[in-house]
Each structure stands twice: as C-alpha cells, then as structure tokens.
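Input: a single structure, listed below in structure tokens.
Residue numbers start from 1 in every chain, and the chains themselves are labelled A, B, ... in the order their sequence lines are given, proteins ahead of strands. All heavy atoms count here, side chains included; hydrogens, waters and symmetry mates do not.
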Amino acid sequence: MPSPANPLERPAPGPITSQLARAQAKLDYLKGLNDEQREAVLTTEGPLLVLAGAGTGKTRVLTTRIAHILTERKARGSEILSVTFTNKAAREMKERIGKLVGSTVEGMPWLGTFHSIGARILRRHAELADLKSDFTILDTDDQIRLIKQLLDAENIDEKRWPARQFANMLDTWKNRGLLPKDVSPADSGSFANGRGTRLYADYQARLKVLNAADFGDLLLENIRIFREYPDVLAHYHRQFKYMLVDEYQDSNVAQYLWLRLLAQGKPASEANICVVGDDDQSIYGWRGAEVDNILRFEKDFPGAKVIKLERNYRSTSNILKAASTLIANNESRLGKTLQTDVGETGEKLTVTSVWDSEEEARQIGEEIEQYQRQGESLNSMAILVRASHQMRELEERFITLGLNYRVIGGPRFYERKEIRDAIAYLRVIANPADSLSFERIVNVPKRGLGDSTVQLLHNTARAANTNLVSATRMLLETEELKPKQRTTLRELLAQFDDWSARLQGLPHYELAEQVLDESGYTAMWQADKSPDSPGRLENLKELVRSMEEFETLGGFLEHISLVMDRDTVEAEDAVTIMTLHSAKGLEYDTVFLPGWEEGLFPSQRSMDELGRAGLEEERRLAYVGITRGKKRVRLSMAQNRRIRGLWQSALPSRFIDELPPEVVDVKDTGSGYGGYTYGGGAAGRFNFADPFESVYNTPGWQRAKAQQSSRKGGGPLTIEGELVARSVDIGSDRSPYETGQRVFHLKFGYGEISAIEGNKLTIDFDKAGRKKVLESFVSKA
DNA sequence: CGTAGGATGTTTTTT
DNA sequence: ACATCCTACG
C-alpha cells in the first residue's frame, strides 16, 4: 500500500489538546486519501457500504475511519465494534490504528474476529447458555471425537454415517444460524435416517455437560442470548456506538444475524454500521459465506450510502487488465471497474507450461534466484497455491537450493500432537469437566489404563449425565475398577487436584512445566527413540515459553483456541509460500501462481459440489491471486502431477484461456496432450494439436522432446492416472527398469522399453506404438 | 493391556 | 502420500 510514511507518530490527544492541534491532526491523516476514500472516512453517521476493489486502500479506509472517530471524540475505543474475518486482519488493523493515533490500541477491546468477540461476549453471559465462564472452546478434532461418542451411544454405524459428515452438517446448520428446533425435517432426515435433529440436540446437551462450546456456538449462542434476553442486547446497543465490518462478502448467515441484532439499537436507516467488502473477492462460499449479505445491505439498511473504491494503487495496468478480463467472466457480480493509479504498463504476465510439478518447482526456484541476483528481496516475492499439498514440492526444492522461505498457514504449531497433549493437561486443570481433554491424556503417558477402563468411565459418565472426571470420582468409591487401575486413577486425580491448587500461587507457565514433568509426559518423549522426539521436546519448551506472554492460563487457552496461527516473524528475508485463500489482503512485487490446471484450479471438487457457483468462486480466487501482484505475475501449469500418490495428466486451466492475450506471454510450453484446443484467449497460443513441433526453451520440454521426437500423430496420449508408484529399493536416481525390458502398462498394454530418462520411460508398445510414459504407470511384464 | 502392521479414508480453502 | 483406525497377536 503506497501510504506515505506517517507523520502521526505522536501521543494520543490528551484533554488539553487544543482544537487547533486536532484540526491539524485531522488534516494529516486525511491527506493522502482520494475523494472516495475521504468520503468513506468522513461519513461516520448512518449505514455505509464501501465496495472496495482489490488494492484500492480498503484497510486504509477502515483504519483511518476509526482514527477519525477517535480523534473527533465521537466515541471511545471501547465503544467501537470492529470485526474482521481473520486474526491476521485484526492484527494488522490494530497495528495501523496504533500508528495513526498512538497509544489508543489497547483501548480497542472490541476489535477482533467474529469468533473472538463472540467468545468474549459468551464468556460474560455464559450462565445464560448453561455454561461457566471458563468453558473450553472445542476445535474440529474434539468435535469429531465427541460426535463419535454420541454415534456410538446411539448405536449408529459410524461407517455408514461418518462423524466427520455430521460435523460438517452441524457446521452448516450453525453457520445458517439454526438451533436444533430450526432444522428442517428434510435436513434432519439426511443423516442417520432422520435422527439428525435429535443428534444435534444431544450434541448440544453434551457440550453443556463438558462445559464446552464449539466454533459455531460462539456466534449462535450469542444470537440466542440476544434474542431471549433483550436487556443483554440493549446493553450492547448502548456499548457500541459505531460498528465496522471488514470483508463483509465473507460473512455467513449467523454472522449476518449477529450483526443485525447488534445494529438494532437504532432504526435501521440511522445505524452507524459500515461494512466494507468486495463481491469479487468472495472466496468462502464453501463454508457458508453468503455473498447475498453484501448484495442486500441496502435493503437491510434503507438509505445506506454506497461508496465504490475503484482506484487501484497496487498493480501495473497489465496485471489489472488481466484480472479484470478474467473476472468479467463471472455473471453474478455487482460490477466494478478497477482503474490503475500506478501509471505503468509493466511487464506482461507469463504462462509457463512444464512437464511435471517437480519441474515447476525448479523453474520457480530458478526465477527467484535470478530476481534475487538482480537485487530484489525475497520478501517481495510470494508463491500462491490452490491447495496446500502443492507446497511440499516447492519446499523441498527450496531446501536443496538453500533458498529462504516461509510457509504461512501450513501445519500449525498448535495442532502438533505433543502440543495438543500438553494443552489437554492444562485444559483439564482449567476446566475439569473437559472430558475430551481428560480422555486424551488419561493414558498418555501409558499408565496401564486401556480401552476397557476408559469405556467403563464413559458408561458411568453417560449414565450419570456427567463428565469423565466426576464419573471417575464416583467409580473410585466402588469396587467396579480393578485394583490396579483404581489406584492409578486415584493418583492421577490427586495429581490434578494438586495442580489446580497450585495454580493459585504459581505463574501458569511454571505450573505448566511442573505438570509436564510430574505427569511423566516429558519423560515419555525423552525415552522415545524416534528421530522427531527431540523436536517435540523443543516444541514443548517453546509452548511453555509462549505462555509467558499471557496473563492467565485462561487467556492463554483462549488464544490457542481462537488464534491458531503463529505470529510470523518477518525479520528474515524469505520467499512466502501460502494458499490463495490466506493471501487475500496481501501484496507482493512478484507473485508466482503455479498449478493452473483443470481439476486442481479450478478445483474439480468445488465444481462438482457447487456447479456454476463453484466455478465462479474459483474464478474469484484466481482474481484474488492475480491482483496480489504489484509488478510481476507468473503463472504456470504442469502437464503431470502426482495427487494422493497417483499421477494425473492435466489440461491447462480454463482461466488461462480467459486472460487477454495482449498482456500475456506464453513463455515456454509443451502442454496439452490430447489435441484439445482452446479458443482465442492466451492459451490459444499453446500448440495443443501437436505440442512436439514447436520451439521451446524449458529444460523439461527439451528433455521431453528428446524422448519423444519420433512420436508422430498417433492417438491422444491421455493417461488416466492409475497405478500407485511402487516403492523400489533402488537408489533414487536409478530406474528399476532397463532398456529392452518388457513391461506392462494399464492403458497401452505390453511393450518394450526403448529409452529411460529419470522417471520417464519411452516404450514401444506392441499395439499402441511408441509412447513416453511415467515409470509409475508401468509394471514389469 | 500394548504393539505392529495392514486397511482405510482423506485434504481445497479456515474461524 | 500420509494419518488414523482396526485387528491380530504377544
């Protein structure tokens, strides 16, 4: 964002600040804004919809608006509700507001994600939801384990009705703001022969027993409380004088209802609610986001002012043109036209076709190194992938190259087993009713408490409608447990009592250390001989260290439930690798967009499940990807890719064809088996009919060409990925095959190897003629 | 009760 | 390819 260095590094205006000084400050922060932006900042009263295209200074408007409200003393920080979708966005806003107004950030307790604010409100009124204020927030994993227990208790075959599927249904219902009683019979019927609603109700009841809430509840319970207790809602009406919502196009029905309830303190036409969004960047439809929310804002809040931000300060006109042309293929949009303000045509976009994903990674690595030699920083480059499994190969390549990279949103720290175990201990200390956590660690490390014992605990808990810990206490009074297990459990509970007591007089991070020691958990990993156990011990230390940043154990646990991402340290120069979804809102000089292949991007699954809407969402994702680039956008596609262990050949993504040819260079190609030909777009310049007759430059192409030069005409070389690569006990670069050997191929039948190149074999098939195939497609005849 | 090894499902995206 | 779940055995 081209915001000039901000001159506002000054303390917040104190009571003695003069009118004049304030007027001056106002001038300062309004300075670099264009007319529309300024209007969006100054229109503080009444409903306002800001349609902000990519790179038009959306965050700047939001933060300046808050700064404006604060400096004008229209409201205090605690009276502004400001919701974002992701933690990253919330963090960034806090930072930028801090820069604008100085120290006031701590005074913005209601700036956060929907879920963190929902949790905050729910904790205050927990008793109205049959919870205690220290309730545990369940993640998907816990949720599924709980559902499994329920299915088990109901004698529902988990094979036929997978817990995961029910978890998804629950999510959908909760995202739509539906309580058990609101679920339609049709919806209910779609699981376990009509038992859906009952299970939902049982699940909710079980959550109360465990003193727990899932993600959906954080908002849904808010909504229920607001509806059932008008005095509570009235309190928040008084509290929130201004409401701001970021990325409104990503909000779902529950979030919409939540906002609408909170905005009801005034007549709709006077509500001080400002939503900012871009329908072209709506990419969360799959988890219940309703673009409709943004489309009907004017109906919900009559008289709402609508401001469009269309001046793009980020990308060159070539990039902008490519993105606009692409997104114009979508039917359902409000329609905005981005105008460049950068004033540079810039480089053309490039599309590179490579043989496989390995070569794609190599290609990207080379280019990055080349730019680096030209003095560009790694921080200014990013690789945006459709699916996280694309990351691995890139990482491997960068490791061999010694190229610094960072992965955003990859495997999460808090999802590691050892971390989750440690947290389970802490959760039980904080909330002894948390049966899921108790169950997780009751026999970790091994204490000789096996399935049958745990089953007994479960049965007792269910019969008494209570949690595992108190069920255990009950059992200890009886003879039902075998003596050995009885002693073990008694000791374990005594330990937990002891730890809970210690929490009063000890910093929680010291307690955590003692817990890990005394429970034998640390010792367990120390005794473990596997190569990753040192790393796990290191992670545990890191966990304890990170606890020091929090005031209380509760605060820490809240953080890890809601803020799953780690703070990314940007100190080092490194290339960023992340998914397109997590790239929204970011920008880089150079953006690499690998994997533009049919099936992967647009994702087959998305199209299967949502049809045209799915495709349009994928296209918006492509739009997001391209508009991340400021100066340079490089797309690529691999003709062959290994997905879940099997090779698949792919066609270029239709999105490539939708790019305007005049701003795209088709750099190196060699794509498109099967004679498939696209129309007039950029991909029109791929030589699909016979890719082996043009001049190409990539090493991969030349290799392919060397192998296949003799292939003429012949049928389309379509390969329906089938055989899983066999693990062969031969050095990695040596092929298990040799020339002259007879082999069998699922599609082409028997043949004889005529040449070997890496994992690619040229084979003279008895029936199909000479073909080049991947080694993993054939077996020895 | 615990373990090893095989069968199975899974992953597109995230709070 | 990977992780989790399941089953058979010690």
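When the nearest nucleotides of DNA chain B are assigned to A/His581 and A/Gly448 by heavy-atom distance, the more 5′-ward of the two goes with A/Gly448. DNA chain B is contacted by both A/Gln485 and A/Ser603; A/Gln485 maps to the nucleotide lying nearer its 5′ end (nearest heavy atom per residue).
Residue contacts for A/Asn443: at a heavy-atom cut-off of 4.0 Å it reaches the sugar-phosphate backbone alone, with no base atom in range. Using a 4.0 Å heavy-atom criterion, one finds that A/Ser606 contacts the bases of the nucleic acid, with or without backbone contacts as well. No engagement by A/Phe114 is indicated, since no non-hydrogen atom pair under 4.0 Å with the nucleic acid exists. A/Ser116 comes within 4.0 angstrom of no nucleic acid atom, judged by non-hydrogen atoms across all strands.
Lacking a ring centre under 5.5 Å from that of the base six-membered ring together with a plane angle below 30°, A/Tyr284 does not count as stacked on B/dT13.
Remark: side-chain polar atoms of A/Asp134 are not paired, donor with acceptor, to backbone N or O of A/Gly554 under 3.5 angstrom.
Between A/Lys148 atom NZ and C/dT4 atom P there is a gap of 10 Å when expressed in whole angstrom units. To the nearest angstrom, C1' of B/dT15 lies 14 Å from NE2 of A/His559. In this structure, CD1 of A/Ile560 is placed 17 Å from C1' of B/dT14, rounded to the nearest angstrom. Straight-line distance from the CD1 atom of A/Ile137 to the P atom of B/dT14: 19 Å, rounded to whole Å. Atom CZ in A/Arg605 sits roughly 7 Å away from atom P in B/dT11 (whole-Å rounding). With rounding to whole Å, A/Arg164 atom CZ is found 13 Å from B/dG9 atom P.
A/Tyr256 and A/Trp258 have their aromatic ring centers separated by at least 6.0 angstrom.
No option in A/Asp280, A/Asn330, A/Ile283 other than A/Asn330 meets the side-chain contact (heavy atoms from CB on, under 4.5 Å) test with A/Arg619.
The side chain of A/Ser388 approaches B/dT13 more closely than any other nucleotide in the set B/dT15, B/dT14, B/dT13.
Aromatic ring orientation, A/Phe601 versus A/Phe655: perpendicular (interplanar angle above 60°, classes split at 30° and 60°). Aromatic ring pairs are classed by plane angle as parallel below 30°, tilted from 30° to 60° and perpendicular above 60°; the pair A/His115 and A/Phe215 is perpendicular.
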